[in-house]
Amino acid sequence: MLAFDQFEPGDGQRWSTWPATTPTERGPEPRPGWIVTSASAVDTELGIVKSGKEADVFLVERAVPGDPRQRVVLAAKRYKAADRSDFRRSGVYTAGRREKKTRDTRALARGSAYGRALAAGRWAGAEFAALSELWSAGLPVPYPVQVAGTELLMEFVGTDGRAAPRLAQAHAEPHELGDWFEQVRALVLAFAQAGYAHGDLSPYNLLVHDGRVVAIDLPQIVDVVGNPNGLDLLHRDCVNACAWFQRRGLADADPELLFGDAVAVVFG
């Protein structure tokens, strides 16, 4: 293994940002065994996975040079500044969230240059917090490794550097269709049990990896009771989640039945 002082990061590389993060910026414990926390680790950019309106997702390898035992591939989600993204409807999701009236919240409300820059970090932090809570509760979401500013590092769901297909792109055999729907149904109800709606659930925010359905893209997670739009967003989640299965002939994918079950869980 190379000594720490014998290696210098090259193009597309940086020293691991893990040592610079605080305990509250690191994923929940107990942490998975694949997490690389060494100060001598290097982050290497491997390419872009997905470009979106609010954020881009990159593939990053975190590894200790010369030590194959300490190597992991992560997804790095980097939020764009508000003036380069589509946060226009953010108030639909954040309504009802309690925040102290600080300089930051006033800047966000005014839409100042500082506030626009701050917004990207807020969304990264919101997704990190949501993933941390849901992963700790046992829900099928990527493990959140750390958050630093506008960058969220998390478990990469895929194989050999290839991202798992989204549900919208996945090909389901007849025997798989019912199983996948039951997983989606259980996911919606588990969110409801925790008091939440995903807020933007669709076949594009669900991955299928080794037969397991995994929810992604959670910065807009909604408190169903606290948000005045909560029930509407929960209903939309149910409609969007069921529509893909209905188009493939699955009669059990009834959005109104799923919504009724979810509401009963929230208020039960």
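Hydrogens, waters and symmetry mates play no part in the numbers below; they use all other heavy atoms, side chains included.
- Taking every heavy atom of both residues into account, W244 and P203 meet most closely at CB-CG, 3.6 Å.
- Between the side chain of Q246 and the backbone N or O of A253, at least one donor-acceptor pair lies under 3.5 Å.
- Atom CG of L59 is separated from atom CG of L74 by 8.5 Å, given to the nearest 0.5 angstrom.
- Looking only at distances, a side-chain donor or acceptor of Q183 sits under 3.5 Å from a matching main-chain atom of G211.
- Between R185 and D252, none of the side-chain N atoms (NZ, or NE/NH1/NH2) sits under 4.0 Å from a carboxylate O, so this pair counts as no salt bridge.
- In this structure, R162 contributes its side chain and G158 its backbone to no donor-acceptor pair below 3.5 Å.
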Show your working on ring-ring contact (aromatic ring centres under 6.0 Å, His included) between F245 and F181 and close with a plain yes or no. CA-CA 7 Å; F245 292 97; F181 175 69; 5.3 Å; yes
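- To the nearest 0.5 Å, the span separating CG on L258 from SG on C242 amounts to 5.0 Å.
- Side-chain heavy atoms closer than 4.5 Å link hydrophobic residues (I, L, V, M, F, W, Y) into clusters, and following such links, even through other members, never connects V64 to V73.
- A donor-acceptor pair is defined here as one N or O able to donate and one able to accept, closer than 3.5 Å; no such pair exists between the side chain of Q193 and the backbone of A190.
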Given salt bridge (charged side-chain N to carboxylate O under 4.0 Å, His left out), test D67 with R69 step by step and report yes or no. CA-CA 5 Å; D67 187 352; R69 298 168 301 175; 3.1 Å; yes
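- Distance check: L153 CG to E25 CD gives 11.5 Å after rounding to the nearest 0.5 Å.
- Between the H198 side chain and the L233 main chain, no donor and acceptor come within less than 3.5 Å of each other.
- Side chains of L134 and L218 form a contact here, defined as non-hydrogen atoms less than 4.5 Å apart.
- Qualifying salt bridge (charged side-chain N to carboxylate O under 4.0 Å, His left out) partners for R78, counting only residues two or more places apart in sequence or in other chains: E45, E151.
- In terms of modelled atom types and a separation under 3.5 Å, the side chain of R14 and the main chain of T44 share no donor-acceptor contact.
- Hydrophobic clustering, defined by side-chain heavy atoms of Ile, Leu, Val, Met, Phe, Trp and Tyr closer than 4.5 Å, leaves Y204 isolated from every other such residue.
- D237 contributes a side-chain N or O that, together with a main-chain N or O of L201, makes up a donor-acceptor pair within less than 3.5 Å.
- Taking the charged nitrogens against the carboxylate oxygens, R212 and D210 have no contact shorter than 4.0 Å, which rules out a salt bridge.
- Side-chain atoms of H235 and E256 form a donor-acceptor pair, as typed in the model, at a separation below 3.5 Å.
- Of the possible donor and acceptor atoms, none in the side chain of N229 sits under 3.5 Å from a partner among the backbone N and O of D232.
- A distance-only check finds no donor-acceptor pair linking the side chain of D217 to the backbone of N205 [under 3.5 Å].
- Between R248 and L177, the closest side-chain pair of non-hydrogen atoms falls below 4.5 Å.
- Clustering of Ile, Leu, Val, Met, Phe, Trp and Tyr side chains at separations under 4.5 Å places F58 together with I48.
- For T17 and R62, the side-chain atoms include at least one donor-acceptor pair closer than 3.5 Å.
- Ring orientation note: the planes of W34 and Y143 are nearly perpendicular, at an angle over 60° on the 30°/60° scale.
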Verdict with reasoning, Y196 to V266, per side-chain contact (heavy atoms from CB on, under 4.5 Å): CA-CA 8 Å; Y196 297 123; V266 171; over 6 Å; no
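- The pair D56-K80 counts as a salt bridge, with a side-chain nitrogen and a carboxylate oxygen less than 4.0 angstrom apart.
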